[in-house]
Amino acid sequence: MSYAITLIPGDGIGPEITEQTVRVLEATGINFTWEEELAGVAAVEATGTPLPDATVTSIRRTRLALKGPLTTPVGTGFRSVNVGLRKEFELYANVRPARTIVPGGRFENVDIVLVRENLEGLYIGVEHFVAVGNDPRAVGESLAIVTRAGCERIVRYAFEYAVRHGRRKVTIVHKANILKMVSGLFLEVGRAVAKEFEGRVSANDMIVDNTAMQLVMRPEQFDVMVTTNMFGDILSDEVSGLVGGLGLAPGANIGTGAAIFEAVHGSAPDIAGKGVANPSAQMLAAAMMLDHIGELDAARRLRAAIEDVIVRANLRTRDLGGSATTAEFGAAVAQRVA
Ligand code: NAI
Ligand code: MG
């Protein structure tokens, strides 16, 4: 048995962290067939387009992609590849786990998985200005669209994720007190789905502004969280911040047509090519991919190996206060994962 995976090394530090991530995945003993494809600036340079058909075709075939960060050039007109992929494969769920790995931070016991709806809400981009008198841009208007089907799909994903991963609670985050329809619908559907899971996963709901405060006061009360697009955008970065920021934050984009796994951080042009980038976030994204394909034991071994290298072996890249290179870190994880 071999899993076919579309591999997109990406831009900047992407190829360096991807190389080490492939190395530790191979060390798990699972067989992979890598379909290496281009996207982003690397793709523009080679093919003239940021998201070549060959890349889309490969993902359509494998339905799984491990993607490095892509540089979005400022000022030139090409559309965001991440948005292109999101639309192409209907990537409706953005999943961002955050767990304390490095001790001694502000919070010791954070273990949160935030599930964000990724296609609806205020981010659909239906906006316009309304002219008043001489001012053509006197009023800005933006439309938020939330569908019953979209709410049901994302909340169900969160509860099913909780069951699959042995999680005890899902918190439905909303603003239904003010946004009685767009957020009210989400809460109504959320509570109905929660009922179906009664006895297996407990549930509660919380208003988003209170949630933001509770996250920094008592983050250990949260387990799985599910929310709409914009609230999820904001809260997912807050959640990453609780456990020390970008270097250890993975993400998954789950869709009807494919699932794409990546680090939350960008292409880090300031350190690209120097061999000092931290590959942990990309490796943790790979662990999420292993979970997704049902290789739970390999996922657990990979996470444990990363944690062992950082915490017990104290082998760390520069961003975590150490002096290990990307390749040294990769070698140490690969050795422990086997
Ligand atoms: P960034 O995340 O690339 O870098 C921010 C800071 O964190 C830099 O100082 C960088 O050196 C450091 N850093 C990031 N990842 C690191 C790692 N693995 N190890 C050690 N240090 C690390 O964010 P920035 O600079 O805002 O964006 C750079 C480019 O990346 C932009 O073109 C942006 O559009 C793109 N980007 C792409 C993303 C994606 O493809 N998913 C996500 C975020 C940004
Ligand atoms: Mg964001």
Side-chain angles (χ1 to χ4, degrees), residues 6-24 37-45 50-51 55 59 65-89 91 94-96 98 101-102 116 118 123 232-234 236-237 240-241 243-255 258-289 306 309-310 315-330 332-333:
T6 303
L7 185 69
I8 303 170
D11 301 317
I13 59 171
E16 302 161 54
I17 60 175
T18 298
E19 186 187 346
Q20 298 308 317
T21 302
V22 167
R23 176 182 192 174
V24 300
E37 301 290 347
L38 296 168
V41 169
V44 172
E45 283 164 2
L51 183 57
T55 304
I59 299 173
L66 184 61
K67 175 182 155 296
L70 307 176
T71 299
T72 309
V74 182
T76 67
F78 85 65
R79 73 194 164 113
S80 157
V81 175
N82 294 322
V83 173
L85 289 170
R86 194 177 304 159
K87 294 211 167 119
E88 184 72 40
F89 297 105
L91 303 171
N94 180 254
V95 184
R96 293 261 294 259
I101 292 182
V102 184
R116 162 190 174 190
N118 221 8
Y123 285 5
D233 183 17
I234 297 165
S236 58
D237 276 22
S240 301
V243 297
L246 293 177
L248 299 168
N253 294 291
I254 309 290
I260 301 179
F261 301 84
E262 63 182 335
V264 165
H265 61 71
S267 56
D270 51 331
I271 57 168
K274 298 193 174 131
V276 298
N278 184 355
S280 299
Q282 191 73 352
M283 290 177 181
L284 291 167
M288 293 181 81
M289 184 178 79
I306 294 166
V309 171
I310 295 174
L315 188 87
R316 301 182 187 188
T317 45
R318 217 164 61 181
D319 56 303
L320 294 180
S323 60
T325 65
T326 311
E328 284 162 357
F329 189 88
V333 174

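Start at 1 and go down the list; that is how both ligands and their atoms are numbered.
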_For Ile271, atoms of ligand 1 separated by under 4.0 Å from a heavy atom_ = 11 (O), 20 (C), 21 (N)
*Would you indicate whether the side-chain heavy atoms of Asn118 and Tyr123 approach each other to under 4.5 Å?*
no
*What is the closest protein heavy atom to atom 8 (C) of ligand 1, and at what distance does it sit?*
Asp270 OD2, 3.5 Å
*Val264 near ligand 1, heavy-atom distance under 4.0 Å?*
yes
*Report yes if Gly266 has an N/O atom closer than 3.5 Å to an N/O atom of ligand 1; otherwise report no.*
yes
*May I ask you to identify the nearest protein heavy atom to atom 41 (N) of ligand 1, giving residue, atom name and distance to one decimal place in Å?*
Glu262 OE1, 3.2 Å
*Work out which heavy atom in Glu16 is nearest to a heavy atom in Val276; give both atom names and the distance.*
OE1-N, 4.2 Å
*Note, Thr21 side chain near Leu66 side chain (heavy atom, < 4.5 Å)*: yes
*Decide yes or no for Phe261 and Pro250: does some side-chain heavy atom of the first lie under 4.5 Å from some side-chain heavy atom of the second?*
no
*Do Arg116 and Arg96 touch side chain to side chain, with heavy atoms closer than 4.5 Å?*
no
*Is there a side-chain contact between Asn278 and Leu248 (heavy atoms, below 4.5 Å)?*
yes
*Measure the distance from atom 40 (O) of ligand 1 to every protein heavy atom, then report the residue, atom name and distance (to 0.1 Å) of the closest one.*
Leu70 N, 2.9 Å
_atom 16 (C) of ligand 1: the protein heavy-atom neighbour that sits closest, reported with distance to 0.1 Å_ = Ile13 CD1, 4.0 Å
*Residue pair Ser280 / Ile310, side-chain heavy-atom distance below 4.5 Å*: yes
*asked:* Within the protein, is there a heavy atom lying under 4.0 Å from atom 26 (O) of ligand 1?
replied: no
*For residues Arg318 and Ile271, determine if any side-chain heavy atom of one lies less than 4.5 Å from a side-chain heavy atom of the other.*
yes
*Using a strict cut-off of 4.0 Å, indicate which atoms of ligand 1 neighbour a heavy atom of Pro69.*
40 (O)
_Part of Asn278 within contact of ligand 1 (heavy atoms, under 4.0 Å)_ = both
*ligand 1 contact by Lys67, heavy-atom criterion under 4.0 angstrom*: yes
*Give the intermediate values and the outcome of side chain to side chain contact (heavy atoms under 4.5 Å, CB included) for residues Ile101 and Leu284.*
CA-CA 12 Å; Ile101 292 182; Leu284 291 167; 4.2 Å; yes
*asked:* For Glu262, give me all partners under salt bridge (Lys or Arg N to Asp or Glu O under 4.0 Å), at least two apart in sequence or on another chain.
replied: Lys67
*Region of Pro269 engaging ligand 1 - heavy atom pairs below 4.0 Å*: side chain
*Note the single closest protein heavy atom to atom 5 (C) of ligand 1, along with its residue, its atom name and the distance in Å.*
Leu246 CD1, 4.4 Å
*Looking only at protein heavy atoms, identify the closest one to atom 30 (O) of ligand 1 and say how far it is in Å.*
Ser267 N, 3.0 Å
*Shortest heavy-atom approach to atom 34 (O) of ligand 1 - which of Leu320, Val41, Thr72*: Thr72
*Quick one: does ligand 1 sit under 4.0 Å from the side chain of Asp319, the backbone, both or neither, non-hydrogen atoms only?*
side chain
_Student check: side-chain heavy atoms of Ile13 and His265 closer than 4.5 Å_ = yes
*Would you say atom 36 (N) of ligand 1 touches the protein, meaning some protein heavy atom is under 4.0 Å from it?*
yes
*Report yes or no: does a heavy atom of Ala277 sit under 4.0 Å from some atom of ligand 1?*
yes
*asked:* Atom CZ of residue position Arg86 - does it have more than 12 heavy atoms of other residues, nucleotides or ligands inside 6.0 Å?
replied: yes
*Between Asn82 and ligand 1, which residue portion shows a heavy-atom distance shorter than 4.0 Å: side chain, backbone, both, or neither?*
side chain
_Distance-only N or O hit between ligand 1 and Ala268, under 3.5 Å_ = yes
*Start with the C-alpha gap between Val41 and Glu45, add the side-chain angles, then the distance that decides, and say whether side chain to side chain contact (heavy atoms under 4.5 Å, CB included) holds.*
CA-CA 6 Å; Val41 169; Glu45 283 164 2; 3.5 Å; yes
*Residue part near ligand 1, for Arg318, under 4.0 Å between non-hydrogen atoms*: neither
*State the atoms of ligand 1, each with its element, that fall below the 4.0 Å cut-off from a heavy-atom position in Thr71.*
32 (O)
